[in-house]
Amino acid sequence: MSVRVRFAPSPTGFLHVGGLRTALYNYLFAKHFGGKCILRIEDTDRNRFVENAADNLITVLRWAGIEFDESPEKGGAFGPYIQSERLELYNKLAALLISNNKAYYAFDTAEEIDEMRAKQAKDGGDTKYLRNIGRNSFTLGVSATDELIQSGAQYVIRLNVPENEEISFKDIIRGDVTVRTSDIDDQVLLKSDGFPTYHLANVVDDYEMGITHVIRGEEWLPSTPKHVLLYRAFGWEMPQFAHLPLLLNKDKTKLSKRQGSVAVEDFISAGYFREALINFVGLLGFNPSADKEIYSMEELIEGFSLEKVNKGGAVFDLQKLDWFQGYYLRTYSNTELAELLEVTLKSLGMNSRTQEYLEKIIILFKERVTFIKEIPEKASYMFAKPAEFEQDYFAKHWKENTIELILPLVNIYKETNEFTHTALHDLTKNFVENAGLKLKELIHPLRLMITGRSTGAGMFETMEVLGRQECLARIEYFIKMKEKENL
RNA sequence: GGUCCCAUCGACUAAUGGUUAGGUCACCAGCCUUUCACGCUGGUAAUAGGGGUUCAAAUCCCCUUGGGAUCACCA
């Protein structure tokens, strides 16, 4: 049987990086085995529904390079792929469960249930729904139940969990997991608004959609026995389960918004590249080999195996993500990066330059930044005259006689035919040697006058890109200011 | 608290009974050098603790400790 997996988010907001990892692992697994990866929208909670969230999810996943074989957008033979469009199915199957005595009607109000649980909590025990105390078809009897329903009373359908059994299932990542039914609550399957709960809907859909492997986050592990019970109640064959380790905050709690960005959108707008995010997130849980860190999507697909996925949670550490980001930035072409730089400049309201000039800046800075957005700041002097001069740098490299030493060199710069970095380098080197100086004795003052700061690309490369006119103008300006004691 | 899950350097991971416990990020040092980076070389750093099983344990079993998840008419 060919592999069919699904990513089943609820459209309640932005896509979380943990969700991205789950989607990615489903995708990698499916593609590794030449199977299908399906997107199903689980919108059974009408209170938390967020408009456009589902479209946004698809857009973000597509940005990441994850395409689904079947989805609300694309359709497929097992649709609809939105749970709110499958209500009839859930209702029908819930009714089937009732008729088999695997589920029952319950009429308790929210207040009654709160009270029931509070009472138990006070005695220090479980806080379960008590089947023989609540108002339900067990305590009320068949005819009273029918009457209530006929009269239009609100009801839910609850799973009839068997008394004293052990429920075991095999998890591909964790091995056998066993839970006693006495620890399982009579879970609500169908809510009073006619919508199914997650438990019913996901089991029904996974079965109906022919899902072979349920790959989801570890937070679902404790409720999996309920799902096993449902498969049994329906008499359906179960898919295989694989519960992925959680993504963690620095303090090892489940990754959450409170401790930094977790929305994939935030990483996109921060300027991370898809290759970096996918490579990083992909390796949060396993590594196909012992001594390789850089993986393309294709290589991840090739090397993916659920059996290799770790059991323990993984801390989401931005330092390594940034390293990937810097690495991938350097793999982009200068042309591509220049285009990105132009977009960045525009968004900052800065005047752009010719593509040619931007590419030259990229060449100078691509090994000095992790993000394109750093360039307008780090290379500010490539866009405008330095607004200020670093005082420490000034103090360290500007000596009493610097002006006298450098003036003749400036004259040489004025007269040279070629204003290229190689020519500038040779000219300066000759000059320095004749004067009995060291190259760095003049390079630093030059850097100071022209860029205003202590760090940057190679000085002669920088001068070449800036051009003779601009360099000389900056030098003159600096000297004038110096004479006026304004520096 | 009940139940379940988990445990290799600070972080991500490799080693599925036999390795000087490997790699990457970060950190430190050196090289390169024209500053900052990039790059290169080297270094610090881990099997939570205790019992077993075995000729041999990071690996299998048990206990302890620690951490996490979950206990809704949310997913």
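What you see below is based on every heavy atom in this structure, not just the backbone, and it leaves out hydrogens, waters and symmetry mates. Quick caveat, the model's predicted, so the values are computed rather than measured.
Proximity of the aromatic rings of A:Phe316 and A:Phe267 is defined here by a centroid distance below 6.0 angstrom, and this criterion is met. You'll find the ring centres of A:Phe195 and A:Tyr90 outside the 6.0 Å limit. Here A:Tyr272 and A:Phe324 keep their ring centres 6.0 angstrom or further from each other.
Under 3.5 Å, the side chains of A:Arg258 and A:Asn249 contain no donor-acceptor pair of N or O atoms. Side-chain contact check for A:Ser168 and A:Asp176: no donor-acceptor pair (N or O, by modelled atom type) lies under 3.5 Å. Of the N and O atoms on the side chains of A:Thr455 and A:Arg368, not one donor lies less than 3.5 Å from an acceptor on the other residue. Under 3.5 Å, the side chains of A:Tyr328 and A:Asn279 contain a donor-acceptor pair of N or O atoms. Side-chain contact, A:Gln187 with A:Tyr198: no donor N or O sits under 3.5 Å from an acceptor N or O.
Taking 4.0 Å as the cut-off between side-chain N and carboxylate O, A:Arg453 and A:Glu388 do not count as a salt-bridged pair. Salt-bridge annotation for A:Arg232 and A:Glu165: present, with a side-chain N of the basic residue lying under 4.0 Å from a carboxylate O of the acidic one. Comment: A:Lys399 does not engage A:Glu441 in a salt bridge, judged by the lack of any side-chain N to carboxylate O separation of less than 4.0 angstrom. Note on A:Asp185 versus A:Arg117: salt bridge recorded, some NZ/NE/NH1/NH2 to OD/OE distance being below 4.0 Å. Contact check on A:Arg6 versus A:Glu42 returns no salt bridge, with no Lys/Arg side-chain nitrogen under 4.0 Å from an Asp/Glu carboxylate oxygen.
Listed for the A:Lys373 side chain is a donor-acceptor partner under 3.5 Å among the backbone atoms of A:Ala270. With A:Arg135 contributing its side chain and A:Leu140 its backbone, the two residues share no donor-acceptor pair below 3.5 Å. The backbone N or O of A:Thr451 sits nowhere less than 3.5 Å from a side-chain atom of A:Arg474 that would complete a donor-acceptor pair.
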Protein-nucleotides 59-63 of chain B N/O pairs under 3.5 Å:
none

Every protein N/O lying under 3.5 Å from an N/O of nucleotides 38-41 of chain B:
| from | atom 1 | to | atom 2 | distance (Å) |
| --- | --- | --- | --- | --- |
| B:C38 | O4' | A:Glu367 | O | 3.3 |

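Side chain of A:Asp317, nearest nucleotide from B:C36, B:C5, B:A11: B:A11. Between B:A75, B:C12, B:U35, one nucleotide has an atom nearer to the side chain of A:His444 than all others, and that is B:U35. Distances from the side chain of A:Asp45 to the nucleotides B:U34, B:A75, B:C12 place B:A75 closest. If you check B:C73, B:G2, B:A75 against the side chain of A:Arg158, the one that comes closest is B:C73. In the set B:A75, B:U70, B:U34, the nucleotide with an atom closest to the side chain of A:Thr197 is B:A75. Which of B:C74, B:G10, B:C12 sits closest to the side chain of A:Lys191 comes down to B:C74. Counting only heavy atoms from C-beta on, A:Ala290 has its side chain closest to B:A14 among B:U34, B:A75, B:A14. Listed candidates were B:G2, B:C4, B:U35. Nearest to the side chain of A:Asp126 is B:G2. Relative to the side chain of A:Thr127, the nucleotides B:U34, B:A11, B:C71 differ in distance, and B:C71 lies closest. Nearest to the side chain of A:Lys254, among B:U70, B:G23, B:G10, sits B:U70.
Rounded to a whole angstrom, the distance from the C1' atom of B:A29 to that of B:U34 is 22 Å. The same atom, P, is picked in B:G50 and in B:G39; the two are 41 Å apart, to the nearest Å. Nucleotides B:C60 and B:G68 are separated by 24 Å at their P atoms, to the nearest Å. As rounded to the nearest Å, B:U44 and B:G10 have P atoms that lie 14 Å from one another. For the C1' atoms, the distance from B:A46 to B:U35 is 38 Å, rounded to whole Å. Comparing the same atom, C1', in B:U13 and in B:A72 gives a spacing of 37 Å after rounding to whole Å. The same atom, P, is picked in B:U16 and in B:G52; the two are 27 Å apart, to the nearest Å. Nucleotides B:C4 and B:A45 are separated by 40 Å at their P atoms, to the nearest Å.
Base pairing of B:A56 is not made with any nucleotide, judged by Watson-Crick or G-U wobble geometry with both donor-acceptor distances under 3.5 Å. With a 3.5 Å ceiling on both atom-pair distances, B:A72 lacks any Watson-Crick or G-U wobble partner. Pairing for B:G10 goes to B:C25, judged as Watson-Crick or G-U wobble with the two contacts each under 3.5 Å. Remark: B:C31 base-pairs with B:G39. Criterion, Watson-Crick or G-U wobble with two distances under 3.5 Å. In this structure B:U16 sits in no base pair that meets the Watson-Crick or G-U test at under 3.5 Å.
The CZ atom of A:Phe286 sits 21 Å away from the P atom of B:A11 (whole-angstrom rounding). One interatomic measurement links the two molecules: CD1 of A:Ile184 to C1' of B:C71, which rounds to 12 Å at whole-angstrom precision. Here the C1' atom of nucleotide B:C73 and the CG atom of A:Asp114 are 11 Å apart, to the nearest Å. Rounded to whole Å, the distance from CG on A:Leu318 to P on B:C25 is 16 Å. Spacing between atom CG of A:Asp183 and atom P of B:G2 amounts to 11 Å, rounded to whole angstrom units. The CZ-C1' distance, from A:Phe460 to B:U34, rounds to 7 Å in whole Å. As rounded to whole Å, 15 Å separates atom C1' of B:U35 from atom CD of A:Glu441. A straight line from OH of A:Tyr295 to C1' of B:A14 spans 10 Å, rounded to a whole angstrom.
Between A:Glu42 and A:Glu219, the one whose closest nucleotide on RNA chain B sits nearer the 5' end is A:Glu219. Positionally, the nearest nucleotide of RNA chain B for A:Phe280 lies more toward the 5' end than for the other of A:Ala8 and A:Phe280.
Contacts between residues 9-21 of chain A and RNA chain B, counted as heavy-atom distances below 4.0 Å, involve A:Ser10.
Taking 4.0 angstrom as the limit, A:Lys320 places none of its side-chain polar atoms (N or O) nearer than this to OP1 or OP2 of B:U13. In this structure, A:Thr44 reaches the B:A75 phosphate: one of its side-chain N or O atoms is under 4.0 Å from OP1 or OP2. In this structure, A:Asn47 does not reach the B:A75 phosphate: none of its side-chain N or O atoms is under 4.0 Å from OP1 or OP2.
Residue-level contact check: A:Gly312 touches the backbone only, with heavy atoms under 4.0 Å from sugar-phosphate atoms and none from bases.
Counting atom types as modelled, A:Ser454 pairs no side-chain N or O with a base atom of B:C36 as donor and acceptor under 3.5 Å. The base of B:U35 lies outside donor-acceptor range of the side chain of A:Arg453, with no N or O pair under 3.5 Å.
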